[in-house]
Visitor: 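I am attaching a structure below and will ask some questions about it afterwards.
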Amino acid sequence: MDLETALTTTRTVRKRLDFSRPVPRELIDECLRLALQAPNGSNRQLWHWVIVDDPAVRAQVAELYREGLAEAMARTNMRNPDPAQSGRIRPSVEYLGEHLHEVPALAIPVLKDDARGMEVFMQASRWGSVIPAVWSFMLALRARGLGSAWTTVHLLRERQIAEVLGIPDGYTQVGLFPIAYTLGTDFKPASRRPVEEVRSWNRFVEVPNG
């Protein structure tokens, strides 16, 4: 798979995750080794990656995830204003929640810092030091026939998740990423707004979404 194909076809995968096929730990570590080459602030590497493949622990995490998902779905700001998008994405999100305990492995990267009380500068530095690695991890999965999805609703139960996984105080959970082989690998580029609608030169100029 060439780089351009990987960049344009690495999708959020929920309904096409294969729950029946185990993912070897060695393969996950291989993807992580590639991900850890991503740039991070001052090369401090303030990350840690908790991989959950024990079925009992996975079930606990999945139950808390479903609690967070129910709360998130009830919030008005979680609803997509585009009915077509909402009608397609919401069932997919709910499907993943229903089956999360069946996913072979879950990845929860954490940062060695509590980002919640930080000013914007510090928050941007912290997130910018882990997001490239997470995206590299997802690209590495894609290149090996696996898929994932960036999810965050478990953070509505962050404290409980930390207790289940033994994450100490002072660490910030970044997200939760299911890891599974995909049912087929024929993913296509997604529908996106044209560059001209989301880019301006030298000064911010908002282009109406038409």
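This is a predicted model, so every value here is computed, not measured.
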Visitor: What residue among Ile161, Leu106, Leu155, Val153 forms side-chain contact (heavy atoms from CB on, under 4.5 Å) with Leu176?
Guide: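 The side-chain contact (heavy atoms from CB on, under 4.5 Å) with Leu176 is passed solely by Leu106 among Ile161, Leu106, Leu155, Val153.
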
Visitor: Of all the heavy-atom pairs spanning Arg66 and Leu100, show the shortest one and how long it is.
Guide: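 Closest heavy-atom pair between Arg66 and Leu100: NH1-N, 4.3 Å.
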
Visitor: Nearest 0.5 Å, please: how far is CD in Glu63 from CD in Gln60?
Guide: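 Reported to 0.5 Å precision, the distance equals 10.0 Å.
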
Visitor: Distance-only, no hydrogens or angles: does the Ser148 side chain make a donor-acceptor pair with backbone N or O of Pro178 under 3.5 Å?
Guide: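 At least one qualifying donor-acceptor pair exists.
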
Visitor: Under the side chain to side chain contact (heavy atoms under 4.5 Å, CB included) test, which residues partner Leu156, sequence neighbours left out?
Guide: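 Residues passing side chain to side chain contact (heavy atoms under 4.5 Å, CB included) with Leu156: Glu71, Ala72, Arg75.
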
Visitor: Do you reckon Ile51 sits in the same ILVMFWY cluster as Leu146, going by side-chain contacts under 4.5 Å, direct or chained?
Guide: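 Same hydrophobic cluster.
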
Visitor: List the atom of Pro132, the atom of Gly128, and the distance in Å for their closest heavy-atom pair.
Guide: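 Heavy-atom minimum between the residues: CD-O, 3.2 Å.
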
Visitor: Check whether any side-chain heavy atom of Glu102 sits under 4.5 Å from a side-chain heavy atom of Ser20, and report yes or no.
Guide: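 Of all side-chain heavy-atom pairs linking Ser20 with Glu102, none is under 4.5 Å.
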
Visitor: Using every non-hydrogen atom in the two residues, find where Ala149 and Val13 come nearest and quote the distance to one decimal.
Guide: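 For Ala149 and Val13, the tightest heavy-atom pair comes out as CB-O, 3.6 Å.
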
Visitor: Of the non-hydrogen atoms in Ala180 and Val23, which two are nearest, and what is the gap between them?
Guide: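 In terms of heavy atoms, the two residues are closest at CA-CG2, 3.9 Å.
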
Visitor: In terms of hydrophobic clusters joined by side-chain contacts under 4.5 Å, are Trp127 and Met118 together?
Guide: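 No, it is not one cluster - the side chains of Trp127 and Met118 are not joined through contacts under 4.5 Å.
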
Visitor: Side-chain donor-acceptor pairs under 3.5 Å in residues 27-39, sequence neighbours left out?
Guide:
unit_1, atom_1, unit_2, atom_2, d
Glu30, OE2, Arg144, NE, 2.7
Glu30, OE2, Arg144, NH2, 3.1

Visitor: Pair Arg44, Lys112 - check side chain to side chain contact (heavy atoms under 4.5 Å, CB included), show working.
Guide: CA-CA 10 Å; Arg44 296 178 67 196; Lys112 190 178 180 180; over 6 Å; no

Visitor: Let me check something: do Val134 and Tyr65 share a hydrophobic cluster, defined by ILVMFWY side-chain heavy atoms less than 4.5 Å apart, either directly or through other members?
Guide: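 Different clusters: Val134 never reaches Tyr65 through Ile, Leu, Val, Met, Phe, Trp or Tyr contacts under 4.5 Å.
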
Visitor: Considering residues, nucleotides and ligands other than Glu4, do more than 12 of their heavy atoms fall under 6.0 Å from its CD?
Guide: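 Incorrect, the count does not exceed 12.
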
Visitor: How about CG on Asp2, more than 12 heavy atoms from neighbouring residues, nucleotides or ligands closer than 6.0 Å, or not?
Guide: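 Counting other residues, nucleotides and ligands, CG of Asp2 exceeds 12 neighbours.
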
Visitor: I want to check a possible cation-pi pair here: Arg21 against Tyr181, using under 6.0 Å from ring centre and within 45° of the ring axis as the test.
Guide: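 So Arg21 does make the cation-pi contact.
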
Visitor: Could you state whether Val50 and Leu64 fall into the same hydrophobic cluster, counting links through intermediate Ile, Leu, Val, Met, Phe, Trp or Tyr residues with side-chain heavy atoms under 4.5 angstrom apart?
Guide: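 Same cluster: Val50 reaches Leu64 through Ile, Leu, Val, Met, Phe, Trp or Tyr contacts under 4.5 Å.
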
Visitor: Students often mix this up, so state it plainly: with edges at 30° and 60°, are the rings of Tyr95 and His99 parallel, tilted or perpendicular?
Guide: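 Geometry flag for His99 against Tyr95: tilted rings.
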
Visitor: Trp150 vs Phe177 aromatic rings, parallel, tilted or perpendicular, using cut-offs 30° and 60°?
Guide: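 The rings of Trp150 and Phe177 stand perpendicular, inter-plane angle above 60°.
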
Visitor: Show your reasoning for whether salt bridge (Lys or Arg N to Asp or Glu O under 4.0 Å) applies to Arg58 and Asp53.
Guide: CA-CA 6 Å; Arg58 205 171 57 215; Asp53 63 357; over 6 Å; no

Visitor: Verify side chain to side chain contact (heavy atoms under 4.5 Å, CB included) between Trp47 and Val110, making sure each step is shown before the conclusion.
Guide: CA-CA 6 Å; Trp47 49 43; Val110 299; over 6 Å; no

Visitor: How long is the straight-line distance from OG1 of Thr152 back to CD of Glu158, given to the nearest 0.5 Å?
Guide: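 Between Glu158 CD and Thr152 OG1, I get 11.5 Å after rounding to 0.5 Å.
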
Visitor: Determine, using the 4.5 Å side-chain heavy-atom cutoff (strictly less than), whether Phe137 and Phe187 are members of one ILVMFWY cluster.
Guide: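 No, it is not one cluster - the side chains of Phe137 and Phe187 are not joined through contacts under 4.5 Å.
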
Visitor: How about Glu197 and Pro194: do any of their side-chain heavy atoms sit closer than 4.5 Å?
Guide: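 Answer yes - side chains close enough.
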
Visitor: Might you work through the side chain to side chain contact (heavy atoms under 4.5 Å, CB included) test for Met1 and Thr185, ending with a clear yes or no?
Guide: CA-CA 11 Å; Met1 183 181 299; Thr185 58; over 6 Å; no

Visitor: Closer than 3.5 angstrom, by distance alone: can the side chain of Ser129 be matched with the main-chain N or O of Asn40 as a donor-acceptor pair?
Guide: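 The answer is no, because no donor-acceptor pair under 3.5 Å joins these two groups.
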
Visitor: For the pair Thr182 and Asp18, evaluate side chain to side chain contact (heavy atoms under 4.5 Å, CB included) and give the outcome as yes or no after the intermediate values.
Guide: CA-CA 5 Å; Thr182 56; Asp18 187 346; over 6 Å; no

Visitor: If I compare all heavy atoms of Ser92 with all of Arg14, which pair ends up nearest, and what's the gap?
Guide: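 Heavy-atom minimum between the residues: OG-NE, 2.7 Å.
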
Visitor: How far does CD of Glu94 sit from CD1 of Ile89, to the nearest 0.5 angstrom?
Guide: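 Here the interatomic distance stands at 12.0 Å.
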
Visitor: What's the separation between atom CG in Leu139 and atom OG1 in Thr10, rounded to the nearest 0.5 Å?
Guide: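 The OG1 atom of Thr10 is 4.5 Å from CG of Leu139, to the nearest 0.5 Å.
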
Visitor: Distance only, no hydrogens: is a donor on one side chain within 3.5 Å (strictly under) of an acceptor on the other, for Gln173 and His154?
Guide: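 The criterion, which ignores hydrogens and geometry beyond distance, is satisfied for His154 and Gln173.
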
Visitor: At their closest point, which heavy atom of Val93 faces which heavy atom of Met73, and how far apart are they?
Guide: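 Where Val93 meets Met73 most closely, the heavy atoms are CG1-CE, 3.4 Å.
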
Visitor: Less than 3.5 Å apart, which donor and acceptor atoms pair up between the side chains of residues 165-172 and the rest of the protein, not counting sequence neighbours?
Guide:
unit_1, atom_1, unit_2, atom_2, d
Asp169, OD1, Arg159, NH1, 2.9
Thr172, OG1, Asp113, O, 2.5
Thr172, OG1, Ala115, N, 2.9

